[in-house]
Amino acid sequence: AFTPLQERLAIGMAQIAPMALENARLVEELRRASQLKTEFVSTMSHELRTPLSVILGYTDILQHDDGLAPIERTRTLGRIRDAGLELLEMIEATLNLGRLEAGRDPACLETIPVPELLDELATEFAALTQRPATTLRWEPVAGILLDTDRRKLRIIIKHLVANALKFTPSGEVVIRCEARGDRCAFVVRDTGIGI
């Protein structure tokens, strides 16, 4: 038999237990939300850094080289504009939080010429400061057309190349595209420490 005091304690614990479980669930949700926010900020800082570095790099070229030929100056301004448009596109995509919260980012498929895409990326990376002992080489590719989401593919390749450069203090990083039947594979090879 329970004493009246023990009965009151048992009733009190029974009333407090569901609140404690609910609080524990809320704490776990807050921890997960905090982790997602941290991952989001980390990804966005990585994504925004590349086009900003391109813009700054080409702006420095324009600022410090008065002897640029008009055609080269026009090309450089075009590259700054392209990097600015890429940055704007990323910011607009980021601001569409409804899509991100739902966990959906639908693919925008289009047919793209792979050589053109790799040339754009090579131009962007050429504007970034590189380690003098590391060579970045884009192997030429011809005639490959790909149905893909251009923005997402650019992001993936840029991440792979940036990470290869980050962990290759000397040597080379080589990027190529290989046709494999009706598909293609993008290969980033480096002489760094590996995974």
Side-chain angles (χ1 to χ4, degrees), residues 43-65 68-96 99-100 104-132 134-168 171-192:
T43 300
M44 282 312 299
S45 67
H46 187 75
E47 289 300 319
L48 296 174
R49 192 174 298 126
T50 300
L52 282 172
S53 296
V54 169
I55 290 169
L56 292 173
Y58 280 119
T59 303
D60 286 345
I61 290 171
L62 288 175
Q63 185 178 15
H64 295 106
D65 193 346
L68 274 179
I71 196 159
E72 190 57 38
R73 182 174 293 279
T74 301
R75 271 195 211 126
T76 302
L77 287 170
R79 291 172 182 155
I80 291 171
R81 184 177 188 283
D82 290 345
L85 289 172
E86 181 186 357
L87 188 59
L88 178 63
E89 182 180 299
M90 279 191 281
I91 291 169
E92 285 174 350
T94 302
L95 293 176
N96 189 351
R99 183 177 67 200
L100 294 175
R104 289 188 304 266
D105 188 7
C108 298
L109 297 179
E110 60 181 301
T111 302
I112 62 164
V114 172
E116 181 183 295
L117 175 71
L118 293 182
D119 286 346
E120 287 174 14
L121 290 169
T123 301
E124 280 186 33
F125 276 94
L128 302 176
T129 305
Q130 306 277 337
R131 290 186 174 119
T134 305
T135 303
L136 177 60
R137 187 163 46 92
W138 300 79
E139 290 188 349
V141 61
I144 296 179
L145 294 174
L146 184 62
D147 291 325
T148 188
D149 186 314
R150 182 185 196 96
R151 180 180 64 86
K152 289 182 178 134
L153 181 60
R154 282 174 54 88
I155 289 169
I156 291 167
I157 294 172
K158 281 167 47 175
H159 276 294
L160 289 171
V161 173
N163 285 335
L165 287 170
K166 180 178 179 181
F167 295 106
T168 305
E172 70 174 358
V173 175
V174 180
I175 301 91
R176 72 176 182 273
C177 178
E178 303 170 349
R180 295 183 180 173
D182 63 344
R183 298 174 183 255
C184 70
F186 291 89
V187 179
V188 178
R189 180 178 51 80
D190 64 71
T191 57

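Please read these numbers as outputs of a predicted model, since none were measured by experiment.
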### Query
For Asp182, what residues pass the side chain to side chain donor-acceptor pair (under 3.5 Å) criterion, not counting sequence neighbours?
none
### Non-neighbouring partners of Leu62 that pass side chain to side chain contact (heavy atoms under 4.5 Å, CB included), sequence neighbours left out
Leu68, Arg73, Thr76, Leu77, Ile80
### Task
Evaluate the criterion side chain to side chain contact (heavy atoms under 4.5 Å, CB included) for residue pair Val188 and Asn163; output intermediate values, then yes/no.
CA-CA 10 Å; Val188 178; Asn163 285 335; over 6 Å; no
### Query
Taking atom CG of Leu146 and atom OG1 of Thr111, what is their separation to the nearest 0.5 Å?
8.5 Å
### Summary
The reported gap from SG in Cys177 to CG in Leu117 (rounded to nearest 0.5 angstrom) is 9.0 Å
## Note on the structure
The reported gap from CG in Asp190 to OG1 in Thr134 (rounded to nearest 0.5 angstrom) is 9.5 Å
### Message
Keeping Thr135 on the side-chain end and Glu172 on the backbone end, is there a donor-acceptor pair under 3.5 Å?
### Response
no
### Task
Would you please name every residue forming a side chain to side chain contact (heavy atoms under 4.5 Å, CB included) with Leu136, sequence neighbours left out?
Phe125, Gln130, Trp138, Val161, Leu165, Val173, Ile175
### Message
Please enumerate all residues that pass salt bridge (charged side-chain N to carboxylate O under 4.0 Å, His left out) together with Arg150, with sequence neighbours excluded.
### Response
Glu116, Glu120
### With sequence neighbours excluded, residues passing salt bridge (charged side-chain N to carboxylate O under 4.0 Å, His left out) with Arg180
Glu178
### Query
Who are the side chain to side chain contact (heavy atoms under 4.5 Å, CB included) partners of Thr74, not counting sequence neighbours?
none
### Message
For Glu72, give me all partners under salt bridge (charged side-chain N to carboxylate O under 4.0 Å, His left out), at least two apart in sequence or on another chain.
### Response
Arg75, Arg79
### Message
Under the rule for side chain to side chain contact (heavy atoms under 4.5 Å, CB included), what residues qualify as partners of Arg81, not counting sequence neighbours?
### Response
Leu85
